[in-house]
Amino acid sequence: MDLSLPASTTPVSEMASREEPFKLLAAGSSALTPSKPQMGPGGMPSSERDHPSSKPHIYHHHQPIADPSQSILLQNAPEKLVYDIHSCSSHSPNYPPRNIMVNKPTDQSSRWSSNVNNPRQFLMIQLEQPAVVETITFGKYMKTHVCNLKEFKIFGGLEPENMIELLHGGVKNDTEPETFPLKYTVNNLLFPCRYIKIAPLMAYGPHFNFSIWYVELHGICNKSVMEKVLWDYYNYRETEVIRLCLKHFRQRNFMDVFDVLQQRTQLQLEDPFLTELHKVLVMDGNFQKAEEMMEIALKNELFEEYVFNSAYNPIWKKITFRSGRFLDWLVWSSLIFRSTGVATPCVRGGHQLCIDVERSRIYLFGGWDGETELADFWFYDINSSEWNLISMDTKKDGGPEGRSCHKICFDPSSKSIYVLGRYIDGESRPNVNLDNDFWRYDLTSGKWIKISGNTQAEGGPELLYDHQMVIDSAAHTMYVFGGITISPDASQVVYSGLYSYHIPTNRWQLLRADCASSSDHSARGVSSHQGSPSPPLRSRLGHSMLLNPVSRELYIFAGQRNKEYLSDLIVYDIDSETVFEVTGDYSQQGGPDAGFTQRATIDPELGEFYILSGLQRDRPSGANLADSSKNTFWCYNLRRGKWARVYHNNNVGADYWSKMKDIEPSPRYAHQLVFCPNRKVHYLFGGNPSDPQNPNMRLDDFWELHLLRPKPVDVFRRALFQIRRQQFRELCTQSSDPDSRSHALHFLQSQVAAVVDHNDEKDSKDFRQLTQHLLFLPQSSPTESKVGGVSPFNNLRGSHHLHGGMSGSVVSAFWRENDPTQSETYRSRTDLYKALVDFFPLSMREPKQDLINLI
């Protein structure tokens, strides 16, 4: 076994601006010879370019479902559940809790209202019979109301005293009913409920009591189905109780009790491989064998799940340039000519990037430099770190005229770049052509083709800007969503809908018109297996849209509509042509604040999408709203439904960012971000720094973003370090004579040092701290530990002493004197085992909870 392991990190996928998998697997396998487990979002802005100057809602529930549960859900359509009021924390005299059982949206008194507004308020519902509760619907008053629940939590369970959280959300302060999905599986089993607890956290009026107008629950309550659900759930709970007992007995070294319980129940505490690791490491102290088992785990790829779930380490790198193509001298005046003699694109915002992954090229077209619409066309060669100018003026070369706030996308199947849309300021509109031209650039021939002079005349969108566009290359179809249409009247705000464009037949189709009024929301449905109607799409501008080519879904989130910044996440299923709102406000679920002009990418392989922030709305003082750019990068794990803030720099001020100009990119919006899946690297170019002293300022800096995670071999190295650290500590406790000190020092210098990443600050600190064990050797019995051999713990089988009928007080005294867990060596080995187990898949491990913490 090679113990000289390199310390390294592996760049982890970012995402290529348009895809993301909601349908992903998360499973695991276990055996004595382990196998690899399956792992399975002030006024209307005129554009991104110059923004600063210028029936119910349904949230579709995507969660992993075990096959039997999925079968039950598909075979049993949800039905309205009958309930009564069990209890409440308080209520106002005129607004008792039973009012929520009747939907009277025109009756101002038909509601439950708490008597106070502290966070300990609740309303408990009791179902007529146990059920799998899939959704909860909140009805509302006919007008907006300060007592509506801006934030709440929903809990459920079979007993009022034993409940788990099913939802953390909030209703919109409008008049439309909202339906939310609830968590209805636990450990891939359907979760039965008899009680539902609604816990208000915040009302829209900060000092107002909480009000709920109407509640409706839907789920499965079929008697025969629920008998099986209850049996499976009770059996799961019984199994987990026994496993917790097994874990507790082993931690306390009551091994004879452990053996009897395991033999009687035929239940395994964990994967047999980990049981063997515990015996080898904790009971026998055989560190060499423990290292060999960790090597087996590495070879069987058992650390992959840990690597995938590890936090990212973001690394920004400013791109510098080696060389550039020779250009005619007349061209230089319109470019940035750097001290290196390299021509690169000039400053801009509202430009567009796309990437040809196969050829490792990033294409840039157009934008706004603060004064002029740009028509230059470039590509950046990733391999050579070189910008190459394709055209200084695409219009002169038979292509589109200069533009900003347009969209481009690359089609790998035809080796083409498509261009659609542009911004035209209000003063210019009466004097220019407002037709929506549509272009294709053929990379093979290097020629522009004008597909259409006016897509609106062919069933496509009107001229629009700040929309989103993606291509499903396998289906030869383009999708365009959102943005604002441009008309001669600049005061008119009309949002564009969702269109598809079939490339081979040159055919446009309007898939979803904009939801122009709130009354359109009445068509919203819940989920496909319920057969409910699909909701309309609420259009917006400055949003994100990603394509998942595997699940064939579009993901739409964030953006701005009128004065509202959005933080919703919407899924459009291409094959079924249905729409689901996953969440109406992901900021309440630990995600980013509502935003506009953020940039997003996705990695379907890892099941994650990423957001680099743009403009967000702050409330710095009083009720005045202000927009600001934030330097924040987020990751959303689709398998777990969890947000993680990967990078954040909240510093402001020109002096600070002047010092950081070569270290991290400054905050901005109207920038562009693309992702190279082969290299797992993001590329960021340009944008608007939103400098109040210089509103026309734009940027031309170019950055790479690497997201690093440990490699499995790094996990292996860390495991060896932890094992050898324990072995060294035990060597230090054996004896204080000089020979023992010398042996321990040699082991530290040769064996422990060999598995330390000396470039890692934490590893180096942990290593240095080990020397204190040589200076302060504790006095201990030489029989307490036998390093590398058979431990005397095997002779302390604990509870066999109890069979002699000892009284409780005598037993207690006995264990105070003889409990092997009082041994520091046993405790430290147990802690080491627990640390090593964290590297293994969750499906292989002992229960996370400790029995003693449940008392």
Ignoring hydrogens and geometry beyond distance, is a side-chain donor-acceptor pair present between [X] and [Y] at under 3.5 Å?
X      : Y      : answer
Ser428 : Asn431 : no
Glu151 : His168 : yes
Ser544 : Gln598 : yes
Glu458 : Ser452 : yes
Asp489 : Ser487 : no
Asn148 : Asn173 : yes
Thr477 : Ser500 : no
Asp585 : Ser587 : yes

Criterion salt bridge (charged side-chain N to carboxylate O under 4.0 Å, His left out) on Arg552 and Asp575, from CA distance to verdict | CA-CA 7 Å; Arg552 293 181 50 76; Asp575 293 330; 2.8 Å; yes
To the closest 0.5 Å, what do you measure between [atom1] ([X]) and [atom2] ([Y])?
X      : Y      : atom1 : atom2 : answer
Phe596 : Leu566 : CZ    : CG    : 10.5 Å
Lys140 : Asn103 : NZ    : CG    : 12.0 Å
Ile574 : Leu554 : CD1   : CG    : 4.5 Å
Leu673 : Leu353 : CG    : CG    : 8.5 Å
Arg668 : Ser690 : CZ    : OG    : 12.0 Å
Leu434 : Ile486 : CG    : CD1   : 7.0 Å

Tell me every residue that passes side chain to side chain donor-acceptor pair (under 3.5 Å) with [X], counting only those two or more places apart in sequence or in another chain.
X      : answer
Glu216 : Tyr214, His218
Asp397 : Ser391
Arg440 : Ser416, Asp442
Tyr501 : Asn506

Is Glu564 salt-bridged to Arg538, going by a charged N under 4.0 Å from an acidic O?
-> yes
Does a side-chain N-to-carboxylate-O contact under 4.0 Å join Lys143 and Glu176?
->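 Salt bridge between Lys143 and Glu176, a charged N being under 4.0 Å from a carboxylate O: no.
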Answer yes or no: is there a donor N or O on one side and an acceptor on the other, between the side chain of [X] and the main chain of [Y], under 3.5 Å?
X      : Y      : value
Asp425 : Glu427 : yes
Ser613 : Thr632 : yes
Arg348 : Leu699 : no
Ser473 : Asp411 : no
Gln588 : Gly170 : yes
Arg599 : Tyr669 : no
Gln468 : Gly482 : no
Ser539 : Tyr495 : no
Asn436 : Glu462 : yes
Arg422 : Leu464 : no

Ring centers of [X], [Y] separated by less than 6.0 Å:
X      : Y      : answer
His351 : Phe685 : yes
Phe557 : Phe609 : yes
Tyr479 : Tyr572 : no
His682 : Phe633 : yes
His406 : Phe365 : yes

Verify side chain to side chain contact (heavy atoms under 4.5 Å, CB included) between Leu537 and Asp514, making sure each step is shown before the conclusion.
-> CA-CA 6 Å; Leu537 273 174; Asp514 172 43; over 6 Å; no
Report the relative orientation of the aromatic rings in Phe377 and Tyr441; use parallel for angles under 30°, tilted for 30 to 60°, perpendicular for over 60°.
-> perpendicular
On the 0 to 90° scale, with breaks at 30° and 60°, tag the Phe379-Tyr363 ring pair as parallel, tilted or perpendicular.
->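 The arrangement is tilted - the two ring planes meet at 30° to 60°.
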Hey, mind stepping through Leu541 and Tyr465 against side chain to side chain contact (heavy atoms under 4.5 Å, CB included) and telling me if it holds?
-> CA-CA 8 Å; Leu541 80 163; Tyr465 68 93; 4.1 Å; yes
Tell me the closest heavy-atom pair linking [X] and [Y], and the distance in Å.
X      : Y      : result
Leu420 : Pro461 : CD2-CG, 4.4 Å
Ile471 : Cys409 : CG1-SG, 3.4 Å
Arg403 : Val419 : CD-CG1, 4.2 Å

All salt bridge (charged side-chain N to carboxylate O under 4.0 Å, His left out) counterparts of Glu358, not counting sequence neighbours =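 Glu358 satisfies salt bridge (charged side-chain N to carboxylate O under 4.0 Å, His left out) with Lys415 once adjacent residues are dropped.
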Just do the side chain to side chain contact (heavy atoms under 4.5 Å, CB included) check on Lys150 and Val171 with the steps written out, would you?
-> CA-CA 6 Å; Lys150 186 175 184 179; Val171 300; over 6 Å; no
Under 4.5 Å between any side-chain heavy atoms of Phe410 and Leu443, yes or no?
->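 In contact.
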Set of side chain to side chain contact (heavy atoms under 4.5 Å, CB included) partners for [X], sequence neighbours left out:
X      : value
Gln589 : Thr583, Tyr586
Ala474 : Asp472
Lys450 : Asp437, Trp439
Lys395 : Asp393, Glu401

Might you work through the side chain to side chain contact (heavy atoms under 4.5 Å, CB included) test for Val493 and Ile484, ending with a clear yes or no?
-> CA-CA 7 Å; Val493 177; Ile484 291 182; 4.1 Å; yes
Using ring-ring contact (aromatic ring centres under 6.0 Å, His included) as the criterion, list what pairs up with Tyr141, not counting sequence neighbours.
-> Trp213
Listed partners of Phe152 passing ring-ring contact (aromatic ring centres under 6.0 Å, His included), at least two apart = Phe138, Phe180
